[in-house]
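One structure below.
Values in this document were obtained by computation on a predicted structure and should not be read as measured data. Only this structure's heavy atoms are used, side chains among them; waters, hydrogens and symmetry mates stay out.
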Amino acid sequence: MLVLGGTGEARRLASELPDVISSLAGRVRTPRLPPGQVRVGGFGGPEGLRQWLLSNKIDAVVDATHPFAARMTATAAKVTAEESIPFVVLRRPGWAPGPGDDWHWVDSVAEAARNLPAERVFLTTGREELAEFADLGNWFLARSVEPPEPPMPRRLQVVLDRGPFTVEDELALMHEYGIQALVTKDSGGDMTAAKLTAARALKIPVVIVRRPPLPDGVSTVSSVEEAVSWVRGIAEA
Ligand code: NAP
């Protein structure tokens with residue numbers, strides 16, 4: 001079994017299943033490692049993944065990557081379909097606005113950059129997307145796991161941190177920097193949802209990037225428990 005990882009769900013899945021190889025992209029220098037066997041780094045596109053799956057005699061693949069890791073998911077969907085290897089995508093549910101929220105949905109980080117509703121903006125879209133904001137004169141607070149690299153905005157404060165975050169932490173951070181708007185991807189899940197609760201409490205607008213669509217025809221599950229059942233079903237078949 002191959003678990004494509006980089007998420008908390010992938011780590012939990014690896015701890016609940018025997019005989020799993022977890023795969024990480026290798027973007028973070030000190031990743032939180034799942035238990036069991038782990039490989040790190042890209043496969044080298046569809047042909048690299050195909051060779052890797054065949055030479056490791058993989059029986060099934062669970063894609064538990066982040067909802068915005070669309071390239072990895074597209075590659076895995078294509079190669080597993082061509083090789084008739086059972087494949088499922090574990091996608092946690094997205095976030096939904098509640099009463100009092102002022103959310104503005106956009107289709108990309110670039111579109112978010114063109115639609116900033118305020119001057120002092122908290123960016124939580126990841127360091128690799130900071131380039132989209134580089135030409136803007138707004139003041140930015142950016143939070144990421146690793147330090148960002150240029151191009152990035154001129155007026156930028158970086159906070160290096162990774163979730164989970166509490167509502168109290170998020171409120172304190174937003175207060176400290178006088179944040180007037182939040183930009184986020186629709187990552188879903190509990191680990192990073194506190195910023196949305198804090199934005200609601202502070203009555204600040206949220207620009208939220210819609211998830212990329214899943215490849216046509218892939219099977220999906222929405223929780224680790226469902227993914228475990230799917231794997232057991234494959235093992236019994
Ligand atoms: P991506 O754009 O879909 O993937 C780009 C390339 O990175 C893939 O083509 C693949 O290289 C390699 N890759 C991605 N995930 C991999 C994995 N689990 N194992 C081995 N190679 C992988 O992905 P991304 O958005 O850069 O995300 C990279 C990693 O960070 C993923 O593991 C994802 O779960 C995690 N992550 C992403 C986000 C986000 O906002 N995008 C947030 C949190 C965590 P090859 O083509 O060479 O195989």
side-chain contact (heavy atoms from CB on, under 4.5 Å) between V20 and L13: does it pass, once the steps are laid out?
-> CA-CA 9 Å; V20 162; L13 197 52; over 6 Å; no
When you look at CZ of R155, are more than 12 heavy atoms from neighbouring residues, nucleotides or ligands closer to it than 6.0 Å?
->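 Yes - once you tally the heavy atoms of other residues, nucleotides and ligands closer than 6.0 Å, there are more than 12.
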What do you reckon, is CD of E149 surrounded by more than 12 foreign heavy atoms closer than 6.0 Å?
->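 Counting neighbours around CD of E149, 12 or fewer heavy atoms of other residues, nucleotides or ligands fall under 6.0 Å, so no.
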Only one of L156, V158, L173 passes side-chain contact (heavy atoms from CB on, under 4.5 Å) with L141; say which it is.
->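 Looking at L156, V158, L173, the match for L141 under the side-chain contact (heavy atoms from CB on, under 4.5 Å) is L173.
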H175 vs L202, side-chain contact (heavy atoms from CB on, under 4.5 Å): CA-CA, chis, key distance, verdict = CA-CA 9 Å; H175 263 305; L202 296 171; 3.9 Å; yes
Might you point out which heavy atoms bring [X] and [Y] nearest each other, and give the distance in Å?
X: W139; Y: Q157; value: CZ2-CB, 3.6 Å
X: G5; Y: L24; value: C-CD2, 4.2 Å
X: P164; Y: R32; value: CD-NH2, 4.4 Å
X: P97; Y: W105; value: CD-CZ2, 4.4 Å
X: Q180; Y: E119; value: OE1-N, 3.2 Å
X: S23; Y: R39; value: OG-NH1, 2.7 Å

Under 3.5 Å, side chain of [X] to main-chain N/O of [Y], donor-acceptor pair present?
X: R92; Y: S187; answer: yes
X: D186; Y: W95; answer: yes
X: E170; Y: F165; answer: no
X: T124; Y: V183; answer: yes

Can you hop from [X] to [Y] via hydrophobic side chains spaced under 4.5 Å?
X: V206; Y: M191; answer: no
X: V207; Y: I179; answer: no
X: M152; Y: L123; answer: yes
X: I204; Y: I208; answer: yes
X: L17; Y: L90; answer: yes

Quick check: do [X] and [Y] have side-chain heavy atoms less than 4.5 Å from each other?
X: L4; Y: V61; result: yes
X: R12; Y: E225; result: yes
X: L2; Y: L53; result: yes
X: F122; Y: T184; result: no
X: N138; Y: F133; result: no
X: F68; Y: V109; result: no
X: N56; Y: Q37; result: no
X: R162; Y: T30; result: yes

What's the separation between atom [atom1] in [X] and atom [atom2] in [Y], rounded to the nearest 0.5 Å?
X: L182; Y: L196; atom1: CG; atom2: CG; answer: 6.0 Å
X: Y177; Y: F140; atom1: OH; atom2: CZ; answer: 15.5 Å
X: T7; Y: D63; atom1: OG1; atom2: CG; answer: 9.0 Å
X: S108; Y: E129; atom1: OG; atom2: CD; answer: 9.0 Å
X: D102; Y: R200; atom1: CG; atom2: CZ; answer: 12.0 Å
X: I85; Y: K57; atom1: CD1; atom2: NZ; answer: 12.0 Å

For the pair [X] and [Y], find out whether any cationic side-chain nitrogen is under 4.0 Å from an anionic carboxylate oxygen.
X: R50; Y: E83; value: yes
X: E9; Y: R91; value: no
X: R232; Y: E16; value: no

Does the pair L49 and M72 meet the rule for a side-chain contact (heavy atoms from CB on, under 4.5 Å), with working shown?
-> CA-CA 10 Å; L49 178 62; M72 186 70 253; 4.2 Å; yes
Verify salt bridge (Lys or Arg N to Asp or Glu O under 4.0 Å) between E146 and R127, making sure each step is shown before the conclusion.
-> CA-CA 7 Å; E146 300 276 332; R127 71 190 163 118; 5.3 Å; no
Side chain to side chain donor-acceptor pair (under 3.5 Å) involving Q51 - partner list, sequence neighbours excluded =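 By the side chain to side chain donor-acceptor pair (under 3.5 Å) rule, Q51 matches no residue at all.
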Start with the C-alpha distance between D19 and M1, add both sets of side-chain angles, then the distance that settles side-chain contact (heavy atoms from CB on, under 4.5 Å), and finish with yes or no.
-> CA-CA 7 Å; D19 297 329; M1 175 80 45; 5.9 Å; no
How are the rings of F43 and W52 set to each other: parallel, tilted or perpendicular (split at 30° and 60°)?
->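 The arrangement is perpendicular - the two ring planes meet at more than 60°.
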